[in-house]
Structures are given as structure tokens and as C-alpha cells.
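Here's the structure we're looking at; comments come further down.
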Amino acid sequence: MDPMQLSPSQPRRIQMHPLDNVAIVVNDGGLDAGTRFHDGLTLCERVPQGHKVALVDLPVGAEVRRYNVVIGRTVKPVPAGAWVHERLLEMPPAASLSDLRTGTPAVVDRTDDLQSNLEQATFEGYRNADGTVGTRNLLAITQTVQCVAGVARMAAERIRTELLPQFPHVDGVVCLEHGYGCGVAIDAPGAEIPIRTLRNLSLNPNFGGQVLMISLGCEKLQPDRLMPANTIPIQSETGSPSLGLITLQDEQHQGFMPMVDAVVKQAIPHLERLNARRREPVPISQLVVGVQCGGSDAFSGVTANPAVGACADLLVRAGATVMFSETTEVRDAVEQLIARAATPEVAQQIVDEMAWYDAYLQRGGVDRSANTTPGNKKGGLSNIVEKAMGSIVKSGTAPISGVLKPGDRLAPGQRGLIYAATPASDFICGTLQLAAGMNLHVFTTGRGTPYGLAEVPVIKVGTRTELAKRWHDLIDLNAGRIADGELSVQEAGMELLQMMIDVASGRSRTWAEHWKLHNSLVLFNPAPVT
Ligand code: CA
């Protein structure tokens, strides 16, 4: 019998796979010792919500399976009905990256009504000259170095108050502030990652191909290194580059206010060009959705991530682009990823990115087990293997058609499900997905985080109804209804897709946009600082 069909007051548990020997407790607040489930299983101790209960007696050294994957071995005997927490589990070693077998990706039936509905679905977006589409119309201020950040912030505030009222079709001004640009080993291996990230951030589809750049003058990351001439978008009207450059050390600036004035003045032609843009219907294949999770719990892999995965499958069928990332959170699922690689080349690229990251972590004296947080464990996730199995579900079931290195941008016309290799850190992952060309972000959370970005709308999906109710003005979609038995995973995926279309079109705003919750851009710099 399906435990999800039981009423909310009855003891409920969710077993992800028939071969699993643990299930997680669904009820708010957990379940007390002596609680008897419908099939007679009785708890021999209290089990918190989201934590695992043993379904059978587990001897010492028994494989504990969730998602039909071994998430650990027991270090002492665990009776049926006992709480299986992280202190009872020894984590398995990471899967080897050699001799992985590629599979045959599933063939999707593309002839049904759903397929034609997906292909005909549109959203209202801003077309760019390079073929990308924006979901917002923003003036971005590119910065070569952190030294100019204060000037940029003050100029942005003046642009907002003095100029934006005259340009009603521009949605806002964002400062692409960062800590890089000088005091770094700019030619070291690895330095290309932050540099290309900054370059590609400026080219995000939401900025309309307009580059307004502030440089200090003496910094290592000079403007033409940040954006070589051939990377600057060309204005379709004039054929000249859409670059406005202000250098603060330029002798024409007599003191501070003239610097700020120069930025504000230079912003005007950029705002004029942005203000001329209008939304128009475009196919949803123009959506570039970055998915990630943060503050995960044991429900992440049961409710929110499967809903996002179902939505990802719909988007990929529609011809859109979905990026999943967070290398340490998918490393333990490498076998499943390789089996879904569309070509042997994609499989090799996945392995190469994971091997690079393994070596990066090793240089720092850690491994993937450094990923899980105290909150993850409190939420029922015993270790990174269990977290990874729940994380990977966000990618859905489509073949993986491409891989991006950290900071890389999607190639023109590159579509489908993409593994964009990034750290799992919420801010670094979000920054790298922005650089890749994301125009919509979906973020799942179980413990709860008020995450948001200034550059793209962020749709937050909560894993539990209790969180969605408590954070009613922060969580955009409550996937906890799946565990409550109110909604199927497929229905939640469809609901999320509709929400994406409304948000991308500017018809509705996410809670993070409403409150202007904007986390910092954070660069991934594996190279030395000086
Ligand atoms: Ca994350």
C-alpha cells in the first residue's frame, strides 16, 4: 500500500525504492517510540521528521540502501523500527572514475499531445542580438576590480533615483561586484576560471548586450583582458561595440564626484538602448534554467527535487536548456550520470570535470565528505552519498547533452540538459550558472534559506509543508504537498513549469524579487592570491 494515501494524522513513512531497507518519517515533528505503522512496523525509539527508520533488522556491516543505492554500512546492529542516523553509518568510498560504462539514453516518445503543447508554449521575453532571450531588462555595471565597487554602488543608486524614472522599460540596475581583479596570480593555472566568469557574467541575457564597465586603471585585470574586443556585443543599429568604459584614475576626473558623474552620464546611452526593448512571445525553448539546492533535508530528494526533475524533463522535451551543477553533490551518482551521457565525448567530459574537482579537493586536504552541513544532518541526511542521490533527482531523466567547465558560457544554440560543473556553494553555483547564460533560477530548500539574486528571478521550491507555511512569504512553491498526498510529482512539475512561464514573462515576481533579497556574486578562484 502507498503510505502517501494515508491521512496526515496517521504515522507515515516514505520508502524511495522497493529494495530500500530504510524509509523516512514524514509526519511533522517526527514520531514517538511505540508508534505503529499500518503494516505493523513499530518504532523502538523516537525518530525525527525526515530521518530514517530501519524496515528490517540490520546486522553489523549491513548495507543500508536508500534510492536503491548503498548509502553506508552499519557499524553496530540496528533492529527494525530503530532510528538510522549518521553515527550508525560508515560511508562507502567514492566510485572510481575509471572503467565507467556508458549507457543508452532513454528514447522519449515525442509524438503525443503533451509534446505539441510544449513546443507551442511561449513566454514573453526580450530577444537579444546574439539569439539569447532575457527574462528581465537590466542595466549591469561590470567592474574589473573590487577597488571600484564603492563608486559603482553610489553611481548605481544615482542612476536608480535620477535616471530610471525616465526609462520605464528598464527593470533595474545591478552592480556586478566581486572581490577579484588585483592582488591575484592572474596568469596562474586556474585564474582563467574567475576571469571568464566575469566576462560571461557581463553577457548574461538579462543585460541586453550592453556593457557598462568601470575600471580603476592600475589593476591586473585590465578591461581588454576582462573583455577582449571580439567578446563585446555589437549594437545592431550602429555596428559599433556596446561598451561604455570609465577609468577612475583617468586624469579628467578631478576628485570623487566627477567620477560618479562620469558613470551616470555614460549610463544614459545604455539606458536608451535598453529602454527601446519590448517583451515579445518566444518559445519556451529559449528558457535557460539553472537548478540547484541549498539547505537540503531528507525531503529534498522526495518532494522538491523530483518536482524540479519532472519540470526539467518537460523543459528538455520543449527544447529548452536546463543546467544542473554542484559537483560534490553529484559525484557519488557518477555512474548514473555516465549512463545518461548522450555521447561518449560527453561521458568523458563529465569524468574529466569530476577528476579535476577530486584533485582540487585533495590539494585542500579534504574530500567530498566535507560537503554535508550540520543542518543537512539534522534534516535527516546522514552523509554525502545520501545527499547526492537526492540531489541528482533535480536533473530529471533526460540524456545529458553537454558539459560546461566552471565559468563557461553556453555555445550559441546549445540546448538540452547540461551538466555545468560548479562547486555546490549556493552563491558560487548561482554566479557560475549566471555566467553560463541562465535566465531563470530554480532553488530547492528543505531547511530553508532566503536566497536570491539581483540578476535573474529565483523561484524557491520548499520540500515540506511546515517550512512553506512558516516561510509563506519566502517559498514560491510548496513541494511538500507531494509528501502530504495532495499532489503527484508530475503535477508539481507541471505547476512549476507554469510558474516559470509567468515569472519569466514578468507577469509575476518571485518572493526574492518582491523583497529584493540579493545575495552577493561569489567567484570561484582555484588560483593563488598574492
Ligand atoms: Ca547549493
Side-chain angles (χ1 to χ4, degrees), residues 193 197 289-309 311-312 322-333 337 353-354 357 360-361 366-381 383-396 404 406-407 418-436 438 440-464 467 471 474-477 479 510 512 517-526:
I193 293 178
T197 303
V289 178
V291 301
Q292 73 152 321
C293 48
S296 299
D297 67 0
F299 283 98
S300 296
V302 177
T303 60
N305 290 349
V308 171
C311 185
V322 177
M323 296 183 287
F324 72 102
S325 300
E326 303 175 292
T327 297
T328 49
E329 292 179 9
V330 298
R331 173 66 177 81
D332 281 288
L337 293 186
E353 287 307 313
M354 292 195 173
Y357 213 87
Y360 164 75
L361 290 175
V366 296
D367 63 20
R368 80 227 198 272
S369 68
N371 174 296
T372 39
T373 66
N376 291 153
K377 290 178 178 172
K378 199 173 172 211
L381 292 173
N383 58 36
I384 186 60
V385 182
E386 185 176 16
K387 188 173 173 180
M389 295 310 140
S391 172
I392 193 78
V393 184
K394 294 197 294 297
S395 68
L404 292 182
I418 307 290
Y419 170 50
T422 79
S425 155
D426 297 349
F427 322 103
I428 298 179
C429 173
T431 300
L432 292 170
Q433 289 184 340
L434 281 171
M438 147 170 92
L440 195 61
H441 200 18
V442 174
F443 191 100
T444 67
T445 186
R447 305 293 300 165
T449 163
Y451 177 86
L453 294 172
E455 295 79 10
V456 294
V458 178
I459 296 175
K460 285 203 288 296
V461 181
T463 68
R464 291 174 298 118
L467 173 71
W471 282 23
L474 288 168
I475 300 294
D476 297 291
L477 191 139
T510 65
L517 292 172
H518 299 156
N519 285 110
S520 297
L521 298 174
V522 182
L523 293 177
F524 180 39
N525 178 26

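Just so you know, ligand 1 is whichever comes first in the structure, and atom 1 is the first atom listed for that ligand.
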Examine the side chains of [X] and [Y] and answer whether a donor and an acceptor come within less than 3.5 Å of each other.
X	Y	value
Y451	Q292	yes
Q433	S325	yes
T444	N305	yes
T463	D297	yes

Salt bridge E329-R368, side-chain N to carboxylate O under 4.0 Å: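 Salt bridge absent between E329 and R368.
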Take the Ca ion (ligand 1) as the centre and count protein N, O or S atoms at distances under 3.0 Å.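 Counting protein N, O and S atoms closer than 3.0 Å to the Ca ion (ligand 1) gives 5.
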Partners of P423 by side-chain contact (heavy atoms from CB on, under 4.5 Å), sequence neighbours excluded?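 With neighbours one apart ignored, the set is Y357, I428, L432, F524.
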